[in-house]
Amino acid sequence: MQDQRDSVAKIDSGYVKQYDAYVERQHKKKKRLIRRLALFTIASLLLLGGLLTYHIQQRTLYAEKQAKYEELQEQMNLLEKQEKDFKEEIKLLNDEEYVLQIARTNYFFSKEGEIIFKIPDNGPSY
């Protein structure tokens, strides 16, 4: 069957030449379309990959910043508590009775006529 097609001669008319040119143009048009679609697909995939990479980096950076923020928030709460304690201690240190009590307990100062005995805090030795 293939031999019969090869043995048939083409008609050399203007219409056949025009039709062959039309078929060739359509074939080239289809090739260009496929190339453009492939190029567009590659460009789209590259853009999507870049955006995805950027998004992942931003999420990672956000997570790091969030962790740092929480850590600093805890540190700030601790420092605020310390500040409150220090302010309370300042108020107490302005009180003369409190200062005298500290001096008596820590530095063994006594009032007139008092005798201080140091008792060890150790438990029994038996």
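- Take Y22 and apply the side chain to side chain donor-acceptor pair (under 3.5 Å) test, not counting sequence neighbours, and it matches Q26.
- Each salt bridge (Lys or Arg N to Asp or Glu O under 4.0 Å) pair with one or both residues in residues 72-87, not counting sequence neighbours, appears once here: E83-K87.
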Identify all side-chain donor-acceptor contacts of residues 41-54 below 3.5 Å with residues at least two apart in sequence or on another chain.
{"unit_1": "T41", "atom_1": "OG1", "unit_2": "L37", "atom_2": "O", "d": "2.7"}
{"unit_1": "S44", "atom_1": "OG", "unit_2": "F40", "atom_2": "O", "d": "2.8"}
{"unit_1": "T53", "atom_1": "OG1", "unit_2": "G49", "atom_2": "O", "d": "2.8"}

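- Distance check, rounded to the nearest 0.5 Å: CD of E64 to OG1 of T60 gives 6.5 Å.
- Atom-to-atom distance recorded for Q101:CD and L92:CG is 10.0 Å, nearest 0.5 angstrom.
- Annotation: the span from L100 atom CG to D95 atom CG amounts to 9.0 Å, rounded to 0.5 Å.
- By the side-chain contact (heavy atoms from CB on, under 4.5 Å) test, L79 is found to be paired with Q75, Q82, residues two or more places apart in sequence or in another chain being considered.
- Considering every non-hydrogen atom in both L93 and V99, the closest pair reads O-CG2, 3.2 Å.
- Q18 is linked by a side chain to side chain donor-acceptor pair (under 3.5 Å) to nothing, counting only residues two or more places apart in sequence or in another chain.
- Taking OH from Y98 and NZ from K91, the interatomic distance works out to 14.0 Å, rounded to the nearest 0.5 Å.
- For residues 23-45, there are no salt bridge (Lys or Arg N to Asp or Glu O under 4.0 Å) pairs, not counting sequence neighbours.
- The structure places CD of Q73 at 12.5 Å from CG of L78, a figure rounded to the nearest 0.5 Å.
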